[in-house]
Structures are given as C-alpha cells and as structure tokens.
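Every chain is numbered from 1, with letters handed out A, B, ... down the list of sequences.
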Amino acid sequence: MLDPRRLRTELDVLKKGLARRGVDTSVLDRAAAVDERQRHAVAKRDELRSQINVLSKEVGEAFRSGDKATGERKRDESKTLGEQEKQAEAEAKEAGDELREILLRIPNIPADDAPEGITAEDNVVVRTVGFDERRYDAHQRVPHWDIGAELGILDLERGAKLSGSGFPMFRGAGAAMLRALCQLALDRNADAFEEIRPPTLVRTETMVSTGHLPKFEIEAYHVERDDLWSIPTAEVPLTGQARDEILDADALPIRLMAYSPCFRREAGAAGRDTRGLLRVHEFDKVEIYAFCTPEQAGDVHAELLARAEGSLQALGLPYRVLDLAAGDLGDASRRTFDLEVYAPGADMWLEVSSISWCGDYQARRANVRYRTADGTAMVHTLNGSALATPRVWAALVETYRQPDGSVRIPDALAPYMRGVEVIGPPPPR
RNA sequence: GGAGCGGUGGCAGAGUCUGGUCGAUUGCACCGGUCUUGAAAACCGGAGGCCCGCAAGGGCCCGGGGGUUCGAAUCCCUCCCGCUCCGCCA
C-alpha cells in the first residue's frame, strides 16, 4: 500500500512511477480526491468532539455543584453537537473505507533503476551462468515428464486422479529428491536465517498484508467453511507473523527462512506452458525472507539473490539472472531479480526464484514498523525463493540424464538422498 | 463440540461491580543524571502508539466492530483470540 500522504505531497512522482508499469494513473487522482474528502470530514468531526468533550466535563461539574439548570442546558447543547458529530463521523468513515479500498489495489511504485518496459520481453538479462548451448547431447533433450514416467519417479496420471491436473505425485527417488532439495536449501542458509515452519492456512488479513488479497483473490484457494486461505508462498505467513509489531532496530535485518507447501490456482494461465511440472497448483518451496531498514535493503536484496544463486550453483544448474522491467514486476515489488534455470529437455528457461524488494509496501499493509531515534518507521520487506522444487526437479532430471536413460544425482544432493548417486529404471511393480 | 474464566502501555499487573477528576496506579525492564577508580546498589529525572496541523493545538487508541449516554477501559450486543476442565483425536 502506498503512503496516503504521498498523494498530497508528490502525486506527480506516484503517477510517473505507476505509468512505468503501464497502469492507468487516474486511480491516483481518485484516491487523492477521496483523501481530501476524508481529511475534511475528520477535521470537522474532531472539532465537534473537542467541543463535546469540554461540555461534557462542564455537565458533570454543574450537576455535582447542584446547578441543575446549567447542567441540563449544557447537556442539551452537547446532545445537538453530538448529532452533527455523528454525521461527520459517518462521512469520515465512509471516505476512509473508500480510500483504503482504492489503495489496497494500487501496485507499488517501481524503483528508479528497475528497467523500462511493460512486458516480460523487456526484462534485462543481467548475466548467464554456466550455460553453453553446445554442451547438451541428445540424451539430455528429453523432457522431464517423459523421464519421470520412464523411471517411475513422477506419476502425473495418479496425481491427476487424486486432485486434477497440476497436482503432481512423485514416487520413490523422485519423491526423495524433493525432500532432499528442500533440506539442501535449508542447510545452506541456516548460518544466517532462522528457520520457521509457519501455518499454511491463513486468515484474510494475512493475505492482505502481502498484497495477495483483495486484488488477486482468483489466484488463491479458499477454505470457505473456516474462511482460511491456502498460502501461495511462505512469504505470506512470514510477513503476517510480524503484523502490528514494532521491531527493535538493533535486531534488523531479521532473516527468516521457511519450508512450506505453496498453492496457486493459476487461473489466468490455463493451457500455457502447463506440461509436466512447468506450472502446478501445489508445490514445495524454501523461502528466504528479511525485514530490514530502508538503508539496509539494497545490501540485503543482493544477499538474498546471492543465496538463491548459490543453491543453483551447488546443484550445477545453468541459470540466468533477469532484472524485471517495471511493468513485469509483481504488484508488491519495487525491484525484482528472477532466476531462471535452463531445462534442456523442455528447452526452456524456467523461473525458479523471484527475489523481490518490496520497500514499505507490505510493511504498511501489515503495519510492521521499527523504532527510530525520533519515533517509528515502516520496515522494508524482501523475499525470494531459496529453492522451488518442481521446476528445479525438472531441470535436474533433464540436465543429469545419462546416455543409458538413468539420472545422475549431483554430489551436493546425494548426501540428502541416502547416498543414492544414480536413479535407474524402477524395479517391476 | 460443551462448560467456565479472561484479553489494559515493552513485560507483569491494578482499575470494570458503584460511568465523569483514567491514556490510565504500581512493579520490572529501558534511557539520561547524581554518587563511584569503574560497575552494582541507592537516589533524581525521562519515556506509549496513531491521525490532522508550519506551529500552537486538537482528535483517536484499554482485543476488533457496533450500541446506550451530555460523557464509556468501566454498561449492553457481536466477533476474534487466550487459558482451564470435559468430550473427541494424529
């Protein structure tokens, strides 16, 4: 959420920023008008309340001192003012609610150094690591859905039988590899990040705090009976757990990580790049996350990126780093680097991590502050996947497929797989 | 799921029956000072959050929302959360 004060102090700046996303900036004019209306109503209400407070005190004094006539007169006077106050209050509340409704749907202002452009085509490739097109042989040009079926480690049919398409079921070494990947990611970051295992069903307010509601309601699974939402990422509970808190500045940056399942309806993406594990409704992920001061945020952002890259490097997967164009940024983010691994079988770059600096956008929604020398200020929040399983799994089996059809397990991962070094064909079932 | 009790400032804990002088007593923690070679102790002082405003100042906040009243931490309704006991259960 944007700071409503900026609507009156730097409306132009906000408009320029939103325009870079390719968004209609007239909402800002609407918001500014409602803000103006709200402040007028509040001022009027406060003035009336001030008078009522004085009168009420006098009523009490008058009755106590036995001056019944004065007491009754002032009481009636106060009552009249009370009716006006009620009306002003109603206006203030109505305008306040409307302003919040508008603000909750306005995305964050992109950082100045976020690349220009409004589509994914405009994203800038910052660097490509470990990629050499010529290095791949025919045996690596097999898509993971075929490899998975062949080796009996991915059972999409049965996953669909259970829950529908987009709900993969893994078996045997394939299932173990998912756990191994998460364990690896957690272990690699445990030196600096506190591990959290949050709930994965959360309240509406929690989803609002990160920006996933109200605007993207269609993207989330909702449990109606209990009015709870399945989290699309651990970023949601990690942000929400600090809601309404004032953090100790000395404790910042606070680095957290969390393993969690993630649920996404992918409503807007039906039929697009959905084969195999390319786009699924449920998957496991290890998220790395930080609360920090605005001054620390740049460094922390770089740190999260380096951490996420580190896991891919450890697994020996070629990847590239994208600096997202202003228009391709998620709503909450002001600057995002995407990590994409190369999947030779599918011959695609797969997004496996989005490392986002959200500024105070989420902090304001969740009301997470820290103490400063002269008061409080909103923290900055940053998040990114340390490792998202299904796409990394896909890239792994494609990259490490050997001429005989088996899949070699990278050295870094083997210890987490009971020493398994190669996944061969399954025993007959 | 049933019954009972409770939610007050960073924490603990009064105040609620008997509405006004209660944004709120007290203790701990915290910050500054005195004393001390230094520290502790003791003593003195300071200190909640939010909104509007250049400021002066005003308004709001005792879990959330609504109501009664001239006036609500205090009375009423409702929702949420916590604890205890019972039931059920991985």
State which of [options] makes the closest approach to the side chain of [X].
X	options	answer
A:Arg369	B:rG49, B:rC70, B:rG59	B:rG49
A:Ile246	B:rC70, B:rG49, B:rG59	B:rG49
A:Lys86	B:rU68, B:rC50, B:rC70	B:rU68
A:Arg5	B:rU21, B:rG59, B:rC51	B:rC51
A:Arg203	B:rC70, B:rG59, B:rC80	B:rC80

Please report the distance separating the [atom1] of [N] from the corresponding atom of [M], rounded so that it comes out in whole Å.
N	M	atom1	answer
B:rC30	B:rC11	P	15 Å
B:rG67	B:rC85	C1'	34 Å
B:rG10	B:rG2	C1'	37 Å
B:rC44	B:rC35	C1'	11 Å
B:rG63	B:rG9	P	8 Å
B:rC76	B:rA12	C1'	30 Å
B:rC51	B:rG23	C1'	16 Å
B:rA47	B:rU37	C1'	31 Å

Please report, rounded to the nearest Å, how far the [atom2] atom of [N] is from the [atom1] atom of [X].
X	N	atom1	atom2	result
A:Arg225	B:rG1	CZ	P	10 Å
A:Glu94	B:rG66	CD	P	14 Å
A:Lys79	B:rU68	NZ	C1'	11 Å
A:Asp250	B:rC30	CG	C1'	12 Å
A:Asp35	B:rC52	CG	C1'	11 Å
A:Glu58	B:rU21	CD	C1'	14 Å
A:Ile52	B:rG58	CD1	P	16 Å
A:Arg364	B:rC51	CZ	C1'	14 Å

Phosphate-side-chain proximity, [X] and [N], N/O vs OP1/OP2 below 4.0 Å:
X	N	answer
A:Arg45	B:rC51	no
A:Arg73	B:rC70	no
A:Asn53	B:rG71	no
A:Arg8	B:rG53	yes
A:Thr376	B:rG49	no
A:Ser56	B:rG20	no

- Query: Nearest nucleotide by nearest heavy atom, which residue falls closer to the 5' end of RNA chain B, A:Arg39 or A:Ser50?
  - Reply: A:Arg39
- Message: Pick the closest RNA chain B nucleotide for A:Lys57 and for A:Arg371 by heavy atoms, then say which residue is nearer the 5' end.
- Response: A:Lys57
Both distances under 3.5 Å, Watson-Crick or G-U wobble: report the partner of [N], or none.
N	value
B:rC60	B:rG49
B:rA24	none
B:rC83	B:rG4

- Message: Is it the case that the ring center of A:Trp229 lies less than 6.0 angstrom away from the ring center of A:Phe263?
- Response: no
- Message: Base, sugar-phosphate or nothing for A:Val59? Non-hydrogen atoms, less than 4.0 Å.
- Response: base
- Message: Are there over 12 heavy-atom neighbours, none belonging to A:Arg418, within less than 6.0 Å of that residue's CZ?
- Response: no
- Within 6.0 Å of CG in A:Asp227, more than 12 heavy atoms from elsewhere: yes
- Please report the C-alpha distance between A:Leu156 and A:Phe167 in whole Å, then the side-chain angles of each, then the deciding distance to 0.1 Å, and finally whether the side chain to side chain contact (heavy atoms under 4.5 Å, CB included) criterion is met. CA-CA 7 Å; A:Leu156 293 171; A:Phe167 290 92; over 6 Å; no
- Message: Do A:Arg171 and A:Arg158 have side chains that approach each other closer than 4.5 Å (heavy atoms only, starting at C-beta)?
- Response: yes
- Message: In terms of relative ring orientation, are A:Trp357 and A:His380 parallel, tilted or perpendicular, with 30° and 60° separating the classes?
- Response: tilted
- Query: Any salt bridge between A:Glu94 and A:Arg37, counting N to O under 4.0 Å?
  - Reply: yes
